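Numbers for residues simply follow the sequence, beginning at 1. Remember, predicted model here, so these are calculated numbers, not experimental data.
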Amino acid sequence: CTQAQMDTAHASGIKVAFSLKDIFHVDQRVGMLPRLDNGTAEERYFKSRVAAFKDHPALLCWYLNDERKPHPNLHTHQQWVVELDENHPTWQVVTGMQNAYLASSDVNGVDYYPIGYEGQNASNERGSVETAMRVSDRARPNWPALQVMDWTVYNRPECKRKANTCHTPTYAEVRSMSWQAIAAGSQGLFYYSLYDLAKPQNLNGDLSAREEWARLSKVAAEVVQFAPILMSTRAVAPTVAGRAPNWLMLRSHWGVGINASLCYIFAVNDGTGGGAVTFSDVGGNGSRAVQEATVINEDVDRALPVASGGS
């Protein structure tokens, strides 16, 4: 990013994951970067970028890795940022989280794009994020990059077959992947990628890039609506009557402000099943029975039946 781009982002209310991911003198992805001939040049240029933008109001985080294999320089880059900027986290995105990556960023991310792979669909997002959380023992935040592009843009072999499954993810698929990632423990979401939506290779039917953006914005708005709750104190997951179905994902939080006594249950279907579910001991209240329950993320709020025992 340039100074002008960062200034424009700030003026537009946009936060930036500032890319430092290509600053390597070995196996350098040159792009628009200067040629780095040795480790000294790499360190000098890397640190100059951090020093120049660490106090910019548009800065969200430092983007240190995009799918590179574990490399000693990744950890070195992490240490350089720690030395120079104590106010912004580092973030990396990999296709599969491994222990070897854990010392290379403050925030982990996985970019698993299942739509278009043979035998996979939106439901596979769950396993990707759960694995990342398990590898870090839930000790690090996770901000996954979720698929909103069509693999046709990247010429995947599957997309060239007559009966291919490649397409721009639908509204339902993006919404499902988003809430699967949240229910699995993610604290932030990225979507990849805006510029791909405008490419003519996208098999998105009659939808324009603007219409695709509107669908994505609708998903994001729903998540943002619950952001204060998702960032509040975690509540004990409710007890599920009988055996909890495999398709069910749960995340519970206490409310905020005047709603601090309310318990919010994010009950997510990963797309592999469905059916009725009965909850009890909501919020770990023990003997305190539930007085009322309401579904609040549909077009119209809907009251749920509450049994005499508070289930």
### Message
Within a 6.0 Å radius of atom CD1 on I258, are there more than 12 heavy atoms belonging to other residues, nucleotides or ligands?
### Response
no

#### Entry: Shared hydrophobic cluster for I296 and V268 (ILVMFWY, side-chain gaps under 4.5 Å)
yes

### Query
Other than Y63, what residues sit in its cluster of Ile, Leu, Val, Met, Phe, Trp and Tyr side chains whose heavy atoms are under 4.5 Å apart, directly or through others?
L60, W91, V93, V107, W143, F190

### Query
Has K54 got its NZ or CZ under 6.0 Å from the middle of the six-membered ring of F18, at an angle within 45 degrees of the ring axis?
no

### Task
Say whether L194 and L146 are linked into one hydrophobic cluster, either directly or through other cluster members, by side-chain heavy-atom distances under 4.5 angstrom.
yes

### Residue pairs passing the ring pair (Phe, Tyr, Trp, His ring centres under 6.0 Å) test where at least one lies in residues 113-142, sequence neighbours excluded
Y113-Y192, Y117-W151

### Message
Take a 6.0 Å sphere around CG of N246 and say whether it holds more than 12 heavy atoms from other residues, nucleotides or ligands.
### Response
no

#### Entry: Nearest non-hydrogen partners of T168 and E212, listed with the distance
CG2-OE2, 3.5 Å

### Task
Check step by step if side-chain contact (heavy atoms from CB on, under 4.5 Å) holds for L20 and W80.
CA-CA 11 Å; L20 303 172; W80 287 345; over 6 Å; no

### Heavy-atom closest contact (K21 atom, D66 atom, distance)
CD-CB, 3.3 Å

### Message
Test of understanding: clusters of I, L, V, M, F, W, Y form through side-chain heavy atoms closer than 4.5 Å, transitively. Do V295 and W247 belong to the same one?
### Response
no

### Task
Calculate, to the nearest 0.5 Å, the distance between atoms NE2 and NE2 belonging to H75 and H77 respectively.
12.0 Å

### Query
Is it the case that S186 and N142 place a side-chain donor and acceptor less than 3.5 Å from each other?
yes

### Query
Salt bridge between R126 and E130, side-chain N to carboxylate O under 4.0 Å?
yes

### Atom pair CG (L197) and CZ (R210), whose distance is rounded to the nearest 0.5 Å
12.5 Å

### Query
Between H56 and D7, does any side-chain donor sit less than 3.5 Å from a side-chain acceptor?
yes

### V219/R175 under side-chain contact (heavy atoms from CB on, under 4.5 Å): CA gap, chis, key distance, verdict
CA-CA 6 Å; V219 174; R175 185 172 184 249; 4.1 Å; yes

## Note on the structure
Of all heavy-atom pairs linking A122 and I115, the shortest is N-CD1, 3.5 Å

#### Entry: Side-chain touch Q98/P70, heavy atoms, less than 4.5 angstrom
yes

### Stepwise side chain to side chain donor-acceptor pair (under 3.5 Å) test for E42 and N38
CA-CA 6 Å; E42 175 182 326; N38 51 52; over 6 Å; no

### Query
Once you round to the nearest 0.5 Å, how far does CD of Q78 lie from CG of N65?
11.0 Å

### Task
Take S178 and Y191, measure what side-chain contact (heavy atoms from CB on, under 4.5 Å) needs, and give me the verdict at the end.
CA-CA 9 Å; S178 298; Y191 295 94; 2.7 Å; yes

### S123-D270 side chain donor-acceptor pair, cut-off 3.5 Å
no

### Task
Could you go through the side chain to side chain donor-acceptor pair (under 3.5 Å) check for S193 and D196 one step at a time?
CA-CA 6 Å; S193 67; D196 281 336; 2.8 Å; yes

### Residue pairs passing the salt bridge (Lys or Arg N to Asp or Glu O under 4.0 Å) test where at least one lies in residues 80-99, sequence neighbours excluded
K47-E83

### Query
Which value, rounded to the nearest 0.5 Å, describes the distance between W179 atom CH2 and R251 atom CZ?
8.5 Å

### Query
When you look at NZ of K15, are more than 12 heavy atoms from neighbouring residues, nucleotides or ligands closer to it than 6.0 Å?
yes

### Query
Would a hydrophobic clustering, with Ile, Leu, Val, Met, Phe, Trp and Tyr connected at side-chain separations under 4.5 Å, put M177 with L189?
no

### Task
Begin with the C-alpha distance, continue with both residues' side-chain angles, and end with the deciding distance and a verdict on side-chain contact (heavy atoms from CB on, under 4.5 Å) for Q5 and T2.
CA-CA 5 Å; Q5 290 170 332; T2 65; 3.3 Å; yes

## Note on the structure
Shortest non-hydrogen pair, F266 vs H253, comes out as CE1-CD2, 4.3 Å

### Task
Tell me, with the steps shown, if T90 and D106 meet side chain to side chain donor-acceptor pair (under 3.5 Å).
CA-CA 5 Å; T90 58; D106 300 312; 3.2 Å; yes

#### Entry: Verify same cluster id: L304, V282 (apolar side-chain graph, 4.5 Å)
no

### Query
W254 versus L262: any side-chain heavy-atom pair under 4.5 Å?
no

### Query
Is a side-chain donor or acceptor of N259 paired with a backbone partner of V256 at a separation under 3.5 angstrom?
no

### Task
Begin with the C-alpha distance, continue with both residues' side-chain angles, and end with the deciding distance and a verdict on ring pair (Phe, Tyr, Trp, His ring centres under 6.0 Å) for F226 and Y264.
CA-CA 10 Å; F226 294 104; Y264 292 80; 7.3 Å; no

### Aromatic F24 / basic R68 pairing, under 6.0 angstrom, 45° off normal
yes

### Task
Heavy atoms only: give me the nearest S104-Q92 pair and the separation to one decimal.
CB-NE2, 3.7 Å

## Note on the structure
d(T152 OG1, H167 NE2) to nearest 0.5 Å is 10.0 Å

### Query
Do you know the tightest heavy-atom contact between M133 and A184?
CG-O, 3.5 Å

### Message
Is it the case that over 12 heavy atoms from other parts of the model lie below 6.0 angstrom from the CH2 atom of W213?
### Response
no

### Query
Is the backbone of Y45 close enough, under 3.5 Å, to the side chain of S48 for a donor and an acceptor to pair up by distance?
yes

### Heavy atoms of other groups near Q3 CD, more than 12 under 6.0 Å
yes

### Query
At what distance, to the nearest 0.5 angstrom, does NZ of K69 lie from CG of L74?
13.0 Å

